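Report on the following structure.
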Amino acid sequence: MKLATVYGSPTPPGKMARALGLVERHVRQAHPGWTAERVAPREAVGPVAASWDDDAVRRIGEADAVVLASPVYRGSFTGTLKLLIDMLPNEALRSKPVGVLTVAAAPQHFLSAERHLRDVLGWFGALTAPNSAFLVDSELRTDDVAATVRADLSAFAEQVVTLAENLNGRQFGPDPLTVRYAKKAAG
Ligand SMILES: Cc1cc2nc3c(=O)[nH]c(=O)nc-3n(C[C@H](O)[C@H](O)[C@H](O)COP(=O)(O)O)c2cc1C
């Protein structure tokens with residue numbers, strides 16, 4: 001089975017990439033039947049945004065489970081990640097297990113990007129995993145990441161894998177709003 005981990009940051013792999021790497025490593029080591037491949041932006045568009053190509057959309061659509069990772073920017077997830085989300089068709093995430101991983105400088109911002117992502121994932125009818133991962137960037141400054149943080153990231157990854165394995169591609173209704181409107185418009 002396939003896990004797509006989405007690097008929703010415009011900057012070159014930074015502290016958040018360290019956390020995402022630990023999620024990917026857990027999946028590869030604990031679940032040999034799984035692949036864990038990172039989907040990253042194609043190129044920078046100025047200092048705070050980056051663009052994606054169609055291959056990113058394809059890989060997310062083909063994945064059995066997805067982790068969306070974003071640093072907190074201005075109290076929310078990045079515009080870079082929103083650019084990718086706006087390229088995804090509804091079926092790319094519908095009924096699909098999606099874990100949310102966010103990183104911020106301030107611990108007070110722990111629910112900010114997560115909450116906004118959960119709203120957006122509702123548009124897709126995604127199966128948003130109940131427990132998100134949030135880390136303060138100082139915890140990821142070096143490769144010497146605390147054992148407690150590693151354990152949390154492993155549990156986070158385990159949750160997404162378990163959801164995907166047990167649901168096995170099952171689809172849930174009712175249709176998300178966008179699907180309902182499209183069906184109505186088609187008569
Ligand atoms: C444009 C921008 C806006 C940011 N806004 C916030 C914010 O609102 N709250 C916060 O706690 N951290 C904020 N940060 C800090 C980042 O979330 C934090 O440094 C994170 O680790 C960056 O991820 P990276 O190290 O993988 O690049 C901001 C950083 C940038 C560049």
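Whatever order the structure lists them in is the order used to number ligands and atoms, beginning at 1. Computed from a predicted structure; not experimentally measured.
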Note the single closest protein heavy atom to [atom], along with its residue, its atom name and the distance in Å.
atom: atom 12 (N) of ligand 1; result: Ala105 N, 3.3 Å
atom: atom 8 (O) of ligand 1; result: Gly75 N, 2.9 Å
atom: atom 5 (N) of ligand 1; result: Arg74 N, 2.9 Å
atom: atom 21 (O) of ligand 1; result: Asp137 CB, 3.1 Å

Item to check | ligand 1 contact on Thr11 by region, counting heavy-atom pairs under 4.0 Å | outcome: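 For Thr11, only side-chain atoms sit under 4.0 Å from ligand 1.
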
Next on the checklist: One residue to check: His109. Relative to ligand 1, which of side chain, backbone, both or neither has a non-hydrogen atom less than 4.0 Å away?
Outcome noted: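 The part of His109 near ligand 1 is the side chain, not the backbone.
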
Do [X] and ligand 1 have an N or O pair less than 3.5 Å apart?
X: Ala17; result: no
X: Ser9; result: no
X: Val48; result: no
X: Val72; result: yes

Next on the checklist: As a quick check of understanding, evaluate side chain to side chain contact (heavy atoms under 4.5 Å, CB included) for Val66 and Lys96, giving each step before the final call.
Outcome noted: CA-CA 8 Å; Val66 174; Lys96 191 173 283 188; 3.9 Å; yes

Checklist entry - Atoms of ligand 1 less than 4.0 Å from Ala106 heavy atoms? => result 10 (C), 11 (O)

Next on the checklist: Under a 4.0 angstrom heavy-atom cut-off, which atoms of ligand 1 come close to Gly14?
Outcome noted: 26 (O)

Item to check | salt bridge (charged side-chain N to carboxylate O under 4.0 Å, His left out) partners of residues 69-81, not counting sequence neighbours, each pair once | outcome: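 The answer is none; no pair qualifies.
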
Checklist entry - Does any pair with a residue in residues 124-138 pass salt bridge (charged side-chain N to carboxylate O under 4.0 Å, His left out), and if so which ones, sequence neighbours excluded? => result Lys15-Asp137

For [Y], does its backbone N or O pair with a side-chain atom of [X] as donor and acceptor, under 3.5 Å?
X: Arg18; Y: Arg141; value: yes
X: Arg115; Y: Ser76; value: no
X: Trp123; Y: Pro176; value: no

Checklist outcome for this item: Filtering Tyr73, Phe110, Phe77 for the heavy atom nearest atom 31 (C) of ligand 1 leaves Tyr73

Checklist entry - Taking the minimum heavy-atom distance to atom 20 (C) of ligand 1, which of Ala49, Gly8, Ala69, Pro71 ranks first? => result Pro71

Checklist entry - Counting only heavy atoms not in Arg58, do more than 12 fall under 6.0 Å of its CZ? => result yes

Checklist entry - Should Leu68 and Leu121 count as side-chain neighbours, where that means a heavy-atom distance under 4.5 Å? => result yes

Next on the checklist: Using salt bridge (charged side-chain N to carboxylate O under 4.0 Å, His left out), reason through Lys2 and Glu37 one step at a time and then give a plain yes or no.
Outcome noted: CA-CA 8 Å; Lys2 289 182 189 169; Glu37 302 292 337; over 6 Å; no

